[in-house]
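Chain naming here is simple, since letters A, B, ... match the order of the sequence lines and numbering starts at 1 in each. FYI, side chains are in, hydrogens and waters are out, and symmetry mates aren't considered; it's all heavy atoms of this structure.
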Amino acid sequence: MNPTGYAQLDELLARLAGIASLDESALEAEHTAILGRKAGALTEASKQIPTLPPEERRGFGAAVNQVKAAFEQAFTARRAELAEESRRRALAGVDLTMPARHRWIGSAHPVTTVIDEITEIFRGLGFVVAVGPEVETEWYNFHALNFPANHPAMDMHDTLYVDATPVPGDRGGRQLLRTHTSPVQIRELLTHEPPVRAIIPGMSYRNDPFDPSHAPAFHQIEGLAVDEGISFVDLKATLVHFARRFFGETTRTRFRPSYFPFTEPSAEMDVECQLCHGSGCPACKGTGWMEILGCGMVHPAVLANCDVDAERYTGFAFGMGPARITMLRYGVTDIRYMYEGDMRFLGSLR
Amino acid sequence: MNVSRRWLEAFLRRPLDARDVANRLAMLGAPVDAIEPLHADLAAIRVALVEEVRPHPNADRLRVCTVNDGSAERLNVVCGAANVTAGKKYPFAPVGSTVPGRPPKKPALTLDRRKIRGEVSEGMLCSLEELGFEPQDDGIWELETDAAPGTPLLEALPLADDRLVVDVTANRPDLLGHKGIARELAASYGVPFRLPVLPGAVDIDVPPSRRIAESEGAGQSGTVTGGVRVSIEDTEGCARFHAAVIRDVRVAPSPGWLVQRLEAAGVRSINNIVDATNYVMLEFAQPMHAYDMARLHGPAVIARRGRRGEKVVTLDGVERAVTEEMTVIADERGAIGIGGVMGGSGTEVHEGTTDVFLECAWFEPGRIRRTRSALGLSTDASYRFERGVDLWNAAEPFRRCIELVLTLAGGTNVDAPADLWPRVTHPPRIFLRLPRVAQVLGVELPLHTVEKHLVAIGATVVSKPDDGRIAVDVPGWRPDLVAEIDLIEEVARREGYDEFPSDLRRFRTGNVPDAPIVAASERVRDRLIAEGLLEAMTLPMVPVSGEGIRLLNPVSEEHGMLRHRLLPGLVRQVELNWSRRVRDVRLFEIGAVFAPGSAGELPQETPRIAAVVSGSRAPEHWTGAAPDFDQWDLKAIFESAVEVAAPGGTIEPDGEGWVVRGPDGRAIGSAGSLAADAPPWAGTVFGFELELHAGPRPPVRFVPRPPTPSSERDVTLLVPDGIAAGALAQVLSGGGVTVLESVRIVNAYRGDRVPDGTRSVTFRLTFRAADRTLEAAEIDSAEAHLLLLLERETGVRRREQ
């Protein structure tokens with residue numbers, strides 16, 4: 001037996017309870033005093049082990065280890081406690097309502113976003129994206145599209161003419177800024193055999209003064225599908241599908257007769273007013289509907305102008321103004337915001 | 001087209017709800033832009049009987065009336081009108097009501113009980129003007145009504161109406177008259193429609209018109225009616241001319257019903273003769289004209305081409321020069337009106353007119369359009385003629401006009417009216433194939449349905465051959481129906497577009513890929529958004545300056561030219577942001593620029609990308625402000641854009657900025673600082689512009705990245721001026737050391753601690769071998785090799801510490 005050794009251990013154990021109340025420096029001093037590798041009390045105690053008779057070594061060794069474990073646990077616990085306290089103290093000094101550190105974030109123009117969404121929906125319906133020139137000849141912009149010469153239908157297309165020599169030939173005429181993206185229909189039909197299925201975003205131009213609802217240059221998206229067996233039902237189905245995907249699956253639509261020289265039958269598609277959902281409000285002039293796009297079956301004369309057999313092939317076409325749709329979607333009140341580049345505007349409609 | 005609800009009700013013989021009418025018209029292709037209630041503000045006004053009129057004790061020009069307003073009490077009303085008479089009925093505005101007046105000349109007035117020169121007045125007896133109508137005299141409005149005192153004025157008289165502003169498409173001239181609108185509605189409601197009865201119409205016997213065909217060989221047509229020689233010399237511009245003379249008319253104000261109808265249609269009443277012609281125009285969409293016969297020289301009325309140097313003073317008092325391209329109406333002395341556009345003031349019907357000459361003609365639409373456009377004079381008449389009036393049924397409106405004149409102004413029609421129609425034609429006959437209907441509409445409609453719809457628009461289905469075709473004679477008022485497809489549209493329209501199914505069917509996809517520029521634009525857009533820039537759009541029309549493509553008829557000088565660069569537009573947007581005290585601007589744009597083509601060719605359109613940055617490099621933060629954008633930020637964005645927009649392009653220094661060259665050596669873009677109209681607090685503007693290459697995306701291959709650790713060595717070189725750091729980096733990269741993974745420049749210094757004319761540049765060399773960890777000795781020898789190479793090729797050596 002080694003009563004001295006055990007007595008020492010008992011003395012040390014008496015200090016165990018005190019650890020829970022030590023501050024950081026006292027704790028480390030106590031740690032050194034008890035567990036220090038060179039002169040710690042328990043280190044000293046374990047040094048006695050080899051000097052004990054063999055039959056006592058095991059018992060005493062176990063006792064030392066037990067005490068050591070208890071102390072280590074106590075020190076670890078107290079250290080964690082102190083660390084937590086100090087973290088809390090540190091945090092108490094930080095005002096977490098202070099602003100974060102941001103980076104600049106870019107964004108597409110809201111009209112681009114709308115164009116992309118529209119384009120994606122039609123890509124899903126087998127349409128490809130086509131483009132064409134913005135300066136056109138009278139033939140492509142008007143004649144090929146069955147505009148009667150010198151007719152009031154031209155009044156809707158107040159045209160900007162370019163100061164350049166007229167283009168000679170059957171498909172020429174005066175040079176102008178295209179008043180719609182429809183001449184790209186002609187270019188597509190002239191260069192591709194049906195089936196043609198194209199969605200055509202691009203700039204269009206009218207001699208309109210810049211005011212809250214008009215811009216002399218504006219975006220348009222045109223669609224064209226020509227193949228055997230395409231009918232008015234396909235036109236309606238395609239555009240209803242589009243409206244539901246774009247405005248929401250429950251969106252109601254209606255088709256009204258209209259007039260465009262290059263389509264017949266011609267129609268306008270309305271969707272339920274996005275503000276009042278049909279009950280009538282100032283934005284929809286109480287009708288519950290908003291005019292979204294013009295459409296129709298491609299006029300046989302247009303197909304003939306593109307050397308497409310109008311008896312064999314039929315097709316539909318449609319056009320809409322993504323800037324107008326953008327304005328409806330976000331409630332933008334003046335189209336000029338779209339073209340002035342105000343950072344605050346562009347950054348707010350991501 | 002302003003349409004009166006009441007007028008339509010007179011056609012359909014039934015009450016109509018304006019909103020329902022608007023909805024039906026919209027679904028028939030004539031949307032209603034607005035419904036304007038007329039005179040709804042007179043709801044409080046009542047019919048009152050003046051029972052007694054006494055002089056006002058304190059004022060000579062005022063009277064005191066005892067008024068029966070239908071209630072048990074009698075009211076005391078002071079009245080200043082000279083025409084107030086006991087036993088007559090007048091509109092009465094009770095205390096508390098408001099009369100609209102005609103602001104600003106006659107403001108609205110709310111009545112209260114007050115004393116006028118000591119006499120209590122409990123309301124007001126009203127004049128036309130006080131109630132919002134066109135004034136006719138100074139007095140109060142004497143009502144001709146059987147309605148009992150106390151009856152609301154709007155119930156006693158047909159005043160309340162709704163004006164429907166109908167948006168009529170350019171192909172539907174028939175909808176520019178109430179009859180055409182009524183025809184559509186009648187079919188929609190499934191009821192008949194008839195011309196309204198003219199109030200006060202007496203049994204009038206007008207002999208049928210005498211049809212005058214082409215005079216032999218002359219290419220002209222002429223006759224005499226009522227003593228006036230009438231002829232068409234310009235049969236191309238004027239295909240048909242109805243003429244009549246009515247003698248001994250009494251020109252006077254029109255009756256209330258007529259004034260109301262014209263007003264509802266937005267037309268001001270002039271006198272009974274002019275109003276009769278306008279009424280018929282608004283009913284039939286057939287413009288008419290009345291001349292004062294006493295002022296016709298000859299008397300003759302000739303439809304002929306204008307003559308060089310000829311002038312007419314039109315009804316608006318403007319002297320207008322006519323040309324040989326125009327059709328004029330002339331008498332023996334010269335032109336007296338511009339056919340189909342506007343009459344002349346010299347032959348205008350006026351108060352003293354006793355004999356009138358009535359014209360109902362058909363003018364060629366293209367001629368009218370060119371004429372009114374040349375004169376800058378669009379009228380109700382020209383608007384209808386250029387869209388096409390009914391050539392074949394003109395007798396009906398003409399007869400209506402004669403009856404109306406005789407009803408309103410008395411007089412006698414002394415001679416059979418003349419109908420000059422040199423070359424009689426018929427509306428087209430169109431063949432319609434039922435299978436074609438199904439092919440276009442996607443639904444097989446039975447023959448009887450198709451027939452029903454065509455009959456509803458006034459067409460005659462004349463035969464039913466067994467070959468699946470039907471022959472359709474279209475009505476004269478539908479000049480838009482010329483081909484089979486036009487009839488198919490009518491069938492669909494009358495069937496109702498909403499009746500057609502809308503289920504997606506099988507389709508074949510397009511057989512060409514997307515235009516390459518589309519994907520290229522998307523790639524570069526995504527890249528610049530990732531760089532933190534916002535996409536902007538500028539108008540492609542820019543202020544006129546220097547060479548470029550000009551517009552012949554620009555919206556304004558500010559938009560007089562097509563842009564040949566994108567950057568100026570973006571710089572203007574930077575300046576706009578500055579003007580709004582927005583300092584941090586980062587914008588880019590993708591769009592076409594224009595360069596003149598060869599003569600007779602379209603311009604060259606090149607897609608481009610441009611960007612501008614100015615102001616702080618990062619959003620402000622309280623821990624410390626970020627520095628402003630500088631040229632190195634620009635270079636980074638530029639390189640980033642070139643990588644996607646112009647793959648294979650090489651960037652070179654150029655002046656104070658950079659230029660990028662395509663694989664063929666052509667400069668395709670540049671970057672640098674930009675001049676701008678900057679406030680003192682603004683940052684420098686940096687920007688670039690670059691052609692957008694529309695080719696396919698260069699292939700990207702996977703490269704394995706070795707898991708072995710790398711070692712870095714920093715080498716600081718003393719670089720004499722004139723030697724580019726980029727060139728040194730190239731020598732190092734190309735030095736044949738396979739384990740050299742990368743060369744980066746991490747520091748540069750110019751100052752006291754290096755000799756004049758030199759700078760020190762620190763290159764960080766990263767070494768790595770894919771198959772092993774490199775030993776220090778191997779790296780040492782590689783480094784030594786590179787330094788030796790550098791000295792041999794460029795003379796540049798390590799900076800001595």
Side-chain angles (χ1 to χ4, degrees), chain A residues 98 101-109 112 126-131 133-135 150 152-153 160-163 165 167-168 192 195-198 203 207 209 216-217 227 231-234 236-237 240-241 254-259 264-265 267 297 300 314 338-344 346-347, chain B residues 26-27 29 169-171 366 369 386-387 439-442 485 489 492-493 497-498 500-505 507-512 514-515 517-518 525 529 532-537 539-541 549-553 555 559 573 576-577 582 585-587 592 599-600 602-603 605 618-619 621:
Chain A
M98 292 293 275
R101 184 182 292 117
H102 287 280
R103 293 173 296 116
W104 292 132
I105 295 176
S107 61
H109 195 283
T112 301
F127 286 74
V128 300
V129 186
V131 294
E134 295 174 24
V135 179
N150 192 32
L160 290 162
Y161 289 91
V162 170
D163 186 6
T165 316
V167 176
H192 304 298
V196 169
R197 233 172 144 81
M203 269 300 200
N207 195 349
D227 198 359
S231 73
F232 191 65
V233 171
D234 300 303
K236 276 191 69 179
V240 167
H241 175 85
R254 71 172 187 180
F255 287 79
R256 290 183 288 105
S258 190
Y259 169 64
E264 190 153 17
M297 298 299 292
T314 48
M338 305 286 182
Y339 303 102
E340 59 182 26
D342 189 316
M343 291 292 291
R344 298 164 302 172
L346 294 174
Chain B
M27 298 313 283
T169 52
N171 61 329
R369 186 172 163 81
E386 71 172 284
R387 281 160 176 74
Q439 184 192 12
V440 174
L441 299 184
I485 192 70
E489 177 175 66
R493 192 174 70 84
Y497 284 3
D498 281 346
F500 289 83
S502 55
D503 307 310
L504 274 176
R505 300 176 182 179
F507 57 83
R508 293 201 286 174
T509 63
N511 56 11
V512 287
D514 277 3
I517 190 66
V518 175
R525 177 180 297 117
I529 290 169
L533 274 62
L534 277 62
E535 187 183 15
M537 289 176 176
L539 290 190
M541 296 94 98
I549 302 176
R550 289 173 191 243
L551 300 181
L552 286 175
N553 55 336
V555 179
H559 302 109
Q573 296 199 334
L576 177 127
N577 277 285
V582 176
V585 187
R586 307 168 316 284
L587 297 172
L602 292 177
E605 295 181 24
H621 194 252

Sort A/R103 into side chain, backbone, both or neither according to what part of it lies under 4.5 angstrom from a heavy atom of chain B. backbone

Picking from B/R525, B/E386, B/M541, B/Q573, which has the most non-hydrogen pairs under 4.5 angstrom with chain A? B/Q573

Can you tell which part of A/P133 gets under 4.5 Å to a heavy atom of chain B, answering side chain, backbone, both or neither? both

Top of A/D234, A/N207, A/V240 for chain B proximity - count of heavy-atom pairs under 4.5 angstrom: A/N207

At a heavy-atom distance under 4.5 Å, which candidate from A/V131, A/T314, A/D227 has the highest pair count against chain B? A/D227

How far does CD of B/E489 sit from CE of A/M297, to the nearest 0.5 angstrom? 11.5 Å

Pairs of heavy atoms under 4.5 Å with chain A: top-ranked of B/D503, B/T169, B/V518, B/D498: B/D498

Name the option with the most non-hydrogen atom pairs under 4.5 Å to chain A; the candidates are B/L587, B/I549, B/N577, B/V582. B/N577

Scanning both residues in full, the closest heavy-atom pair of B/L534 with A/M343 reads CD2-O, 3.8 Å

Which portion of A/H192 sits near chain B, non-hydrogen atoms under 4.5 angstrom: side chain

Selection from A/K236, A/R101, A/M98, A/H109 maximising heavy-atom pairs under 4.5 Å formed with chain B: A/H109

Looking only at heavy atoms, the pair that brings A/P300 and B/I485 closest together is CD-CG1, 3.8 Å

Can you list the steps and then say if B/L551 with A/V162 is a side-chain contact (heavy atoms from CB on, under 4.5 Å)? CA-CA 4 Å; B/L551 300 181; A/V162 170; 4.0 Å; yes

Honestly, the part of A/L160 sitting under 4.5 Å from a heavy atom of chain B is both

Heavy-atom closest pair, residues A/A130 and B/A515: CA-CB, 4.3 Å

Could you have a look at B/V585, B/L504, B/D514, B/T509 and say which one has the most heavy-atom pairs with chain A under 4.5 angstrom? B/D514

With a 4.5 angstrom heavy-atom cut-off, could you sort out which part of A/A198 is near chain B: side chain, backbone, both or neither? neither

Name the option with the most non-hydrogen atom pairs under 4.5 Å to chain A; the candidates are B/H621, B/R369, B/Q439, B/H559. B/R369

Closest heavy-atom contact between B/I529 and A/A108? CD1-N, 3.4 Å

Just by modelled atom types, is the A/E134 backbone N or O under 3.5 Å from a matching donor or acceptor in the B/E605 side chain? yes

A/E264 and B/V440, any side-chain heavy atoms less than 4.5 Å apart: no

Is any side-chain heavy atom of B/L441 closer than 4.5 Å to one of A/V233? no

Looking only at B/V512, B/L539, B/L533, B/N553, most heavy-atom pairs under 4.5 Å shared with chain A are made by B/N553

Is there side-chain contact between A/P265 and B/Y497, with at least one heavy-atom pair below 4.5 Å? yes

Choice from A/A267, A/P168, A/S258, A/P152 maximising heavy atom contacts with chain B below 4.5 Å: A/P152

